[in-house]
Protein chains: 2
Amino acid sequence: MSSQQTMTYAWVVARTRSRNACKTRADLLSAARRRFGTEGYDRTTIRAIAADVGVDAALVLRYFGSKQELFAAAADLNLDLPDLTAVAPGRLAGALLARFFAVWEDDETFLALLRASMTSESVAETLRQVFAAQVEPTLSAVVPDHPRERAGLVGAFIIGLATTRYALAAPGLAAMDRDQITAWATPVVDQLLTGPAPPVPDSAAVRQLPRRRPERQRASLLPSVP
Amino acid sequence: MSSQQTMTYAWVVARTRSRNACKTRADLLSAARRRFGTEGYDRTTIRAIAADVGVDAALVLRYFGSKQELFAAAADLNLDLPDLTAVAPGRLAGALLARFFAVWEDDETFLALLRASMTSESVAETLRQVFAAQVEPTLSAVVPDHPRERAGLVGAFIIGLATTRYALAAPGLAAMDRDQITAWATPVVDQLLTGPAPPVPDSAAVRQLPRRRPERQRASLLPSVP
DNA sequence: AAGACTAGTCAACAACCGATGACTTAGACG
DNA sequence: CGTCTAAGTCATCGGTTGTTGACTAGTCTT
């Protein structure tokens with residue numbers, strides 16, 4: 001793969017700033033974020049991260065203890081959302097989206113967390129805590145009612161944008177630039193934050209009437225030729 | 001893990017419907033969907049799938065050739081979206097959301113595809129083709145303008161709902177039921193589908209004037225392919 | 001009932017990965 | 001210059017996984 005590049009890089013660096021533990025540690029964290037962000041948790045190997053920086057794999061474990069601890073150190077996410085109570089009501093969505101674009105594109109911390117959360121329950125829990133500790137309070141402060149529902153929907157939309165654009169690289173979203181996406185997403189976020197709540201019963205009162213039919217048995221009993 | 005349970009299951013079944021290749025194959029596909037959908041591609045092992053059904057791991061490879069081919073067979077997704085041109089304009093979002101909820105909850109095909117697409121470029125390509133072949137045409141047929149943008153945004157919202165509710169199990173979305181989520185999501189989808197397009201320049205014509213800051217040379221990787 | 005076909009099993013290989021502990025060497029200090 | 005500490009390396013282990021080929025045993029046909 002890129003063994004030659006890695007070797008050269010390691011050689012140059014080795015002569016340039018050899019034996020600098022602090023820098024090496026920071027480089028390892030950066031390389032780990034890049035690997036975890038692009039390949040996910042399982043496909044990322046300690047050996048690959050070490051090779052990116054040009055050190056031995058054993059050193060990585062010596063610094064961070066284990067792969068999980070390395071990931072926890074690399075995926076420590078701080079959204080640093082603005083205080084929306086100090087923002088003009090008409091610019092709520094714009095401020096939010098601008099901050100999220102920065103989080104997404106500054107480094108690969110968010111992407112690493114997002115990718116890993118799809119296959120690891122513990123990482124998913126980490127992401128849920130990020131949401132509960134940073135997103136929910138920020139949004140609840142500027143919302144007229146139903147804070148849990150509104151925050152959840154806005155969070156889903158934000159996660160959807162990130163997933164579709166950065167992880168999935170779907171052509172629709174990947175082809176648009178920041179300003180276009182912001183323009184389209186702003187009214188959506190505005191509506192979810194401050195628009196009227198939908199006329200829906202919160203309990204199971206009306207959930208009885210138009211129940212759908214069996215929805216066709218998708219048991220897939222017809223395999224193709226073996 | 002559940003070796004005893006599995007053994008018992010295999011024993012009972014072995015006496016009940018032994019040597020039924022068609023049924024065994026279907027069971028393997030079902031177990032594969034469940035495993036891939038809950039644990040992702042990498043954490044799912046051939047041995048675990050085989051143990052779920054109660055057969056030897058070698059048989060799985062004998063039927064499907066390789067792990068990748070097994071996944072391809074298990075994650076063959078057909079959204080079966082309704083023809084929206086035959087739906088009353090006021091019920092577009094409702095019809096769409098109802099169908100997507102069915103896709104999400106009927107079986108784990110979609111979840112398997114979604115989880116695996118986060119860490120596999122080839123699976124991501126598969127999901128992009130599903131979108132391009134099934135979602136985009138369906139939405140473009142009922143949209144007044146900007147079909148690519150509107151379809152992309154609706155797709156992002158849909159993916160966000162699925163990710164947040166089923167893969168991430170975020171408390172906000174997981175606590176709401178189908179009808180509540182549908183009620184909140186309907187105006188959003190309606191607005192994205194048929195609402196007014198935002199006043200934004202489509203090309204690089206006006207993108208010059210209010211140029212932001214130097215953008216922090218963190219070139220990053222937007223749509224990259226490893 | 002005998003053979004043939006095929007569903008299913010068994011054992012093992014080769015590769016890879018995370019982790020461990022002993023070893024080596026660079027560089028600061030006296 | 002010698003030494004000591006920390007940075008970094010090396011060899012290796014134990015475990016897992018995908019994959020393979022040879023083998024066993026039901027079931028159907030004639």
Side-chain angles (χ1 to χ4, degrees), chain A residues 1 3 6-7 9-29 31-32 35-36 39-74 116 119-120 223 225-226, chain B residues 1 3 6-7 9-29 31-32 35-36 39-74 116 119-120 122:
Chain A
M1 187 188 297
S3 58
T6 306
M7 291 290 285
Y9 177 63
W11 213 86
V12 170
V13 172
R15 281 278 160 257
T16 303
R17 49 106 186 154
S18 181
R19 288 198 171 259
N20 185 339
C22 187
K23 180 98 164 76
T24 302
R25 203 185 135 97
D27 287 353
L28 282 175
L29 278 179
R35 287 280 179 177
F36 284 132
E39 305 178 8
Y41 182 83
D42 295 293
R43 302 175 96 92
T44 296
T45 72
I46 304 268
R47 285 172 166 88
I49 295 174
D52 288 344
V53 180
V55 297
D56 192 273
L59 192 64
V60 183
L61 278 309
R62 201 150 189 81
Y63 278 158
F64 299 97
S66 70
K67 188 183 179 182
Q68 289 193 14
E69 290 173 279
L70 168 62
F71 178 84
T119 46
S120 164
V225 277
Chain B
M1 189 189 294
S3 58
T6 306
M7 292 287 285
Y9 177 65
W11 214 88
V12 170
V13 172
R15 282 280 160 252
T16 303
R17 48 110 187 152
S18 177
R19 294 183 91 75
N20 185 340
C22 188
K23 178 94 162 78
T24 301
R25 204 186 136 96
D27 287 353
L28 282 175
L29 278 178
R35 288 277 179 180
F36 284 132
E39 305 178 7
Y41 183 84
D42 295 293
R43 302 175 97 91
T44 295
T45 72
I46 304 270
R47 284 173 167 86
I49 295 173
D52 288 344
V53 180
V55 296
D56 192 273
L59 191 65
V60 183
L61 279 308
R62 201 151 189 81
Y63 277 157
F64 299 96
S66 69
K67 187 183 179 182
Q68 288 192 15
E69 290 172 279
L70 168 61
F71 179 85
T119 45
S120 163
S122 64

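Letters A, B, ... are given to chains in the order of the sequence lines, protein chains preceding strands, and every chain is numbered from 1.
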- Item | Nucleotide dT16(D), atom P - distance to CG of D42(A) in whole Å | 15 Å
- Query: What are the residues of residues 61-72 of chain A, sorted by number, that bring a heavy atom to within less than 4.0 Å of DNA chain C?
  - Reply: L61(A), S66(A), K67(A)
- Within this structure, what is the CZ-to-P distance between R35(B) and dT17(D), rounded to whole angstrom? 11 Å
- Note on the structure: Taken to the nearest whole Å, CD1/I49(A) to P/dA19(C) is 11 Å
- Atom pair CG (L70(A)) and CZ (F36(A)), whose distance is rounded to the nearest 0.5 Å: 4.5 Å
- Please tell me which of L59(B) and R43(A) maps to the more 5' nucleotide of DNA chain C, matching each residue to the nucleotide holding its nearest heavy atom. L59(B)
- Please give, in whole Å, the distance from dT19(D) P to D56(B) CG? 15 Å
- How about Y63(A) and T24(A): do any of their side-chain heavy atoms sit closer than 4.5 Å? yes
- Message: Base, sugar-phosphate or nothing for A21(A)? Non-hydrogen atoms, less than 4.0 Å.
- Response: sugar-phosphate
- Message: Could you measure the distance from the CZ atom of R47(B) to the CG atom of D56(B)? Nearest 0.5 Å is fine.
- Response: 8.5 Å
- Task: Report the distance from atom CZ of F71(B) to atom CG of L29(B), rounding to the nearest 0.5 Å.
- Result: 12.0 Å
- Quick one: label I46(B) by what it contacts on the DNA or RNA (base, sugar-phosphate, nothing), any heavy atom closer than 4.0 Å. sugar-phosphate
- Separation between NZ (K67(B)) and CD1 (I49(B)), nearest 0.5 Å, reads 7.5 Å
- Measure the spacing between CZ of R25(A) and CG of N20(A) and express it to the nearest 0.5 Å. 12.5 Å
- In whole angstroms, how far is the P atom of dG27(C) from the CZ atom of R19(A)? 7 Å
- Query: Can you tell which of dT20(D), dA19(C), dT9(D) lies closest to the side chain of R47(A)?
  - Reply: dA19(C)
- Side-chain N,O (T24(A)) to OP1/OP2 (dG8(D)) below 4.0 Å: yes
